[in-house]
Amino acid sequence: QVQLVESGGGLVQAGGSLRLSCAASGRTFSSYAAGWFRQAPGKEREFVAAITWRGDLTSYADSVKGRFTISRDNAKNTVDLQMNSLKPDDTAVYYCAAGRLFRVVASRYDYWGQGTQVTVSS
C-alpha cells in the first residue's frame with residue numbers, strides 16, 4: 001500500500017516557476033513508477049510526466065516538454081515536478097500517482113494523491 005501527499009501548489013504569474021513535491025509512505029514506493037497528471041475544470045485528467053522506479057527514464061507530455069522536469073529521490077520517498085515558464089493553460093489540479101508500470105495512461109496507476117491546485121495568472 002502506498003499513500004501519496006502532494007504539496008507546493010499555489011498562485012503564480014505567467015512565466016514564473018513552481019516546484020511540486022509528492023511525499024510517499026510505504027516501504028515499497030521505490031519499486032513503483034511515478035507520474036504527475038493534471039485536471040483543469042471541465043476537462044479530463046491528462047498526463048504530464050512520468051518517471052521509472054529507478055529514475056533512469058522519463059516521459060513528458062508535449063505541452064510541457066522543455067519546461068517541466070520530473071525527478072525522484074527514493075531514499076526520501078519523494079517525487080518532484082519542477083515547473084518553469086508557466087502558462088495560464090497550466091492551471092489545473094495536479095495529482096501524483098504511483099504504479100507498477102511506467103505508463104502515460106492514468107488508468108495504469110494504482111495509487112493517487114489528493115491533488116494540489118496550481119493557478120497561473122496572465
Side-chain angles (χ1 to χ4, degrees):
Q1 190 79 331
V2 176
Q3 293 184 327
L4 305 170
V5 178
E6 303 96 335
S7 62
L11 173 64
V12 64
Q13 288 189 331
S17 298
L18 279 176
R19 188 176 184 90
L20 305 183
S21 187
C22 175
S25 62
R27 55 191 178 95
T28 62
F29 175 71
S30 60
S31 65
Y32 283 80
W36 285 94
F37 291 77
R38 66 187 182 187
Q39 188 166 16
K43 295 187 177 181
E44 294 195 355
R45 191 169 297 190
E46 65 174 2
F47 169 74
V48 175
I51 189 167
T52 56
W53 69 269
R54 194 178 292 174
D56 56 343
L57 287 176
T58 57
S59 179
Y60 297 93
D62 288 343
S63 58
V64 307
K65 204 170 291 184
R67 300 187 298 122
F68 290 12
T69 303
I70 188 171
S71 61
R72 70 187 298 162
D73 186 337
N74 285 340
K76 296 181 180 179
N77 273 3
T78 58
V79 178
D80 290 350
L81 185 68
Q82 177 66 43
M83 306 187 296
N84 299 327
S85 303
L86 283 161
K87 306 174 181 179
D89 284 349
D90 294 319
T91 295
V93 177
Y94 282 70
Y95 297 90
C96 176
R100 287 293 186 186
L101 301 175
F102 176 58
R103 292 290 187 267
V104 302
V105 179
S107 61
R108 295 294 188 179
Y109 285 80
D110 303 306
Y111 302 102
W112 291 85
Q114 298 277 26
T116 185
Q117 176 70 46
V118 171
T119 303
V120 184
S121 63
S122 57

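Quick caveat: nothing in here was measured; it's all calculated off a predicted structure. The residues of the chain are indexed from 1 along the displayed sequence.
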Looking at [X] and [Y], what are the two nearest heavy atoms and their distance?
X      : Y     : answer
Leu101 : Ala33 : O-CB, 3.5 Å
Ala49  : Leu81 : CB-CD1, 4.1 Å
Ala24  : Val2  : CB-CG1, 4.3 Å
Gly26  : Asn77 : O-ND2, 3.5 Å

Can you confirm whether [X] sits close enough to [Y] that some side-chain heavy atom of one is under 4.5 Å from a side-chain heavy atom of the other?
X     : Y      : result
Thr28 : Gln1   : no
Glu46 : Arg38  : yes
Ser31 : Arg100 : yes

Listed partners of [X] passing salt bridge (charged side-chain N to carboxylate O under 4.0 Å, His left out), at least two apart:
X     : value
Arg72 : none
Asp62 : Lys65
Lys43 : none

Which residues pass the side-chain hydrogen bond (donor to acceptor under 3.5 Å, both in side chains) test with Arg19, sequence neighbours left out? Asp80, Gln82
In Å, rounded to the nearest 0.5 Å, how long is the span from [atom1] of [X] to [atom2] of [Y]?
X      : Y     : atom1 : atom2 : result
Cys22  : Glu6  : SG    : CD    : 5.5 Å
Ser30  : Lys76 : OG    : NZ    : 15.5 Å
Leu11  : Leu18 : CG    : CG    : 8.5 Å
Phe68  : Leu20 : CZ    : CG    : 8.0 Å
Thr69  : Met83 : OG1   : CE    : 11.0 Å
Ser122 : Gln13 : OG    : CD    : 9.5 Å

Taking CZ in Arg67 as the centre, count heavy atoms belonging to other residues, nucleotides or ligands within less than 6.0 Å. Is the count above 12? yes
Considering residues, nucleotides and ligands other than Gln114, do more than 12 of their heavy atoms fall under 6.0 Å from its CD? no
Donor-acceptor pair, Thr91 side chain versus Val120 backbone, under 3.5 Å? yes
Group every Ile, Leu, Val, Met, Phe, Trp and Tyr by side-chain heavy-atom contacts under 4.5 Å, then state whether Tyr60 and Phe102 land in the same group. no
So which residues get pulled into Trp53's cluster when ILVMFWY side chains under 4.5 Å apart are joined, directly or through others? none
Which hydrophobic side chains are connected to Phe37, either touching it within the sub-4.5 Å cutoff or through other members that do? Phe47, Val93, Tyr95, Val104, Val105, Tyr109, Trp112
